[in-house]
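Atoms considered below: every heavy atom in the structure, side chains included; atoms not considered: hydrogens, waters and symmetry mates.
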Amino acid sequence: MKLVLSVGNGCESRMFGTTKPKGGFMHLRNITLGCGVLFSAMSAFAWQISGVVQNSSGMGIPDVAVSTMNIATEGTTTSAVGAFELGDGTTGIHVSALKMGVEFRDRVLTLNNVHANNLKVSVVDALGKVVFHKNLGQMLGSYTVDLNRFGAQKNMFLRVNMDGQTATYQLNEKGSLLKEGDILPLLNFTKTGYAPATYQMVQEVEANVVIKMQKATPAPASSNSVEPPTSSADEPAASSSSTAPVVTDCSGKSYAAGNHNMSVNVNGKNRTFIMHVPDAYKGDKPVPLVIDYHPIGGSGQGQLNGTTYKARTDPEGVISFYPDGTGGKSMMGAGWNVGPCCSNDDDVAFSYEMINYAKEKLCIDTKRIYGTGFSMGGGMSNHVACMMNDVFAAVAPAAMDLNITNSAQCKKTRPISIIMFRGTNDTVCRYEGGDSGFNDGLNFLGAEKNFKFWADFNECQGSPSKNSNGCEEYSNCKDGTKVILCTKQGGGHEQGDGSIGWPFLKQFSL
């Protein structure tokens, strides 16, 4: 198939050929013509990835579930030799009807050869916040705007409406132009008996990708009922308030094992979550509840597939909830309202309603409710520690910290224990903190300041020390609480370690 691009205004006209590779995907890269203008002719593009999932010995692993965590659900499983192939299902190429040139260099945007009766231009960041908008009306010729004046970010999207026809372009930090503004997939690889793995695509088409998965450390065996927190001479079971027993009526609160799609009404809106009931839950004794929040663009189902906690909590009969966030402030999909970003809904109220539902339908130990989550879900579990420390006994966020806005609004009903998992090479939520880079109002404390924030919140005394897991720990804190930071040197943006996080969480009760 060939595509003809004609460029006026003194620029050279050329014909470019492209072939349609196996799988039905066809791609046209950015084209730089003699006049220095970058063109992108597609109004939609397809992504595709193929590769193999291997164990530490280099052998392929069959039946690994492969899913996307940050875009609309796509999924597959690996073959008998560990091979996989996944794409968004789009085929062919769609030529934009907008006849103009687009140049983006040094964060200066130029539209060339424009012939429009009514032209509207918007630039938004990766979370959907408008950086620049202009209704230019009738336009003949070119238009230039220096986006540096408006806090241009590394990844932005140009939306053009020309006489009722629209197109979306992605502008990246190298100044190149990609077509159609969806982010590239973050893939999740899961299989029972293996630690989950993630992979972030960096190109529209990737082949021969090798994913390594490690055998999971077996969870300790336990009976069907939850044992009370263990204590020893050097590490007593912790409590942050009264230890008076709570009598829980478990009659009629048995529930079939499995994943159940549930909903609650929050401020007139139906909010959904997955209620996971393990085989070990019998409904005859109170058990803990874990609420596990997904990353931005994810879902409850995606987090259920990727979490490292379920394998630890299931043998103990622990109930876990996997709520669905909502959009409204982000073009990256469903997220959580943690202050300035990334949802318009009240997710604190949603969390209270889920807990109320659990109390009504299940035999829940109301003094042992815990929160965890990955990426923005880690931000949300930090957030509920701030805003809901009256009901959460402890939390375990991963790959995200508090931001300046919600840390300033933090309520202190009681101290709350927290264990944080962070990677020094996290490129999404940087270890050192600071502005998110997406012009969304999120300005993160950073791992070290987040650690110190919670130490101060819990009135911890002295300096942190290394614990048996190699994590930094404040252990001399008010009401027996603890504050821990587990830093993975060279670690990226990844799920927390349930083999460390769950033993920590279950020590604590209200």
Restricting to non-hydrogen atoms, name the atom on [X] and the atom on [Y] that form the minimum distance, rounded to 0.1 Å.
| X | Y | result |
| --- | --- | --- |
| A399 | C429 | O-CB, 3.5 Å |
| M213 | A197 | CG-CB, 4.1 Å |
| V384 | S351 | CG1-OG, 4.2 Å |

Keeping [X] on the side-chain end and [Y] on the backbone end, is there a donor-acceptor pair under 3.5 Å?
| X | Y | answer |
| --- | --- | --- |
| N403 | N406 | yes |
| N337 | D347 | no |
| Q301 | S299 | no |
| N389 | A385 | yes |
| N450 | L402 | yes |
| R368 | V287 | no |
| S263 | R271 | no |
| N356 | A358 | no |

Exercise for review: Have a look at Q303 and tell me which of K310, Q495, H294 forms a side chain to side chain donor-acceptor pair (under 3.5 Å) with it.
Suggested key: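 Going through the options one by one, the only one that passes is Q495.
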With a 3.5 Å cut-off and no angle check, do the side chains of [X] and [Y] form a donor-acceptor pair?
| X | Y | result |
| --- | --- | --- |
| S320 | Y322 | yes |
| S343 | T326 | yes |
| N305 | T190 | no |

Between [atom1] of [X] and [atom2] of [Y], what distance do you get to the nearest 0.5 Å?
| X | Y | atom1 | atom2 | answer |
| --- | --- | --- | --- | --- |
| L445 | D401 | CG | CG | 6.5 Å |
| M275 | Y357 | CE | OH | 5.0 Å |
| K361 | Y255 | NZ | OH | 7.0 Å |
| W454 | C386 | CH2 | SG | 4.0 Å |
| Y293 | T307 | OH | OG1 | 13.0 Å |

Check your understanding: Just wondering, are more than 12 heavy atoms of other shown residues or ligands nearer than 6.0 Å to CG in N208?
Key -> no
Review point. Parallel under 30°, tilted from 30 to 60°, perpendicular over 60°: which one fits the rings of Y370 and W502?
Key: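 Because their plane-to-plane angle is over 60°, the rings of Y370 and W502 count as perpendicular.
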Practice item. In sequence, state the C-alpha distance, the side-chain angles, and the governing distance for Y194 and K215, and then conclude on side chain to side chain contact (heavy atoms under 4.5 Å, CB included). Key: CA-CA 4 Å; Y194 287 84; K215 281 279 190 181; 3.7 Å; yes
Practice item. Assert yes or no for the condition that the ring centre distance of F84 to F189 is strictly below 6.0 Å. Key: yes
Exercise for review: Please lay out, stage by stage, how I418 and N382 fare under the test side chain to side chain contact (heavy atoms under 4.5 Å, CB included).
Suggested key: CA-CA 8 Å; I418 181 169; N382 264 290; 3.6 Å; yes
Exercise for review: Show the numbers, then the answer: is there a salt bridge (Lys or Arg N to Asp or Glu O under 4.0 Å) between E472 and K466?
Suggested key: CA-CA 5 Å; E472 294 289 325; K466 289 279 186 183; 3.5 Å; yes
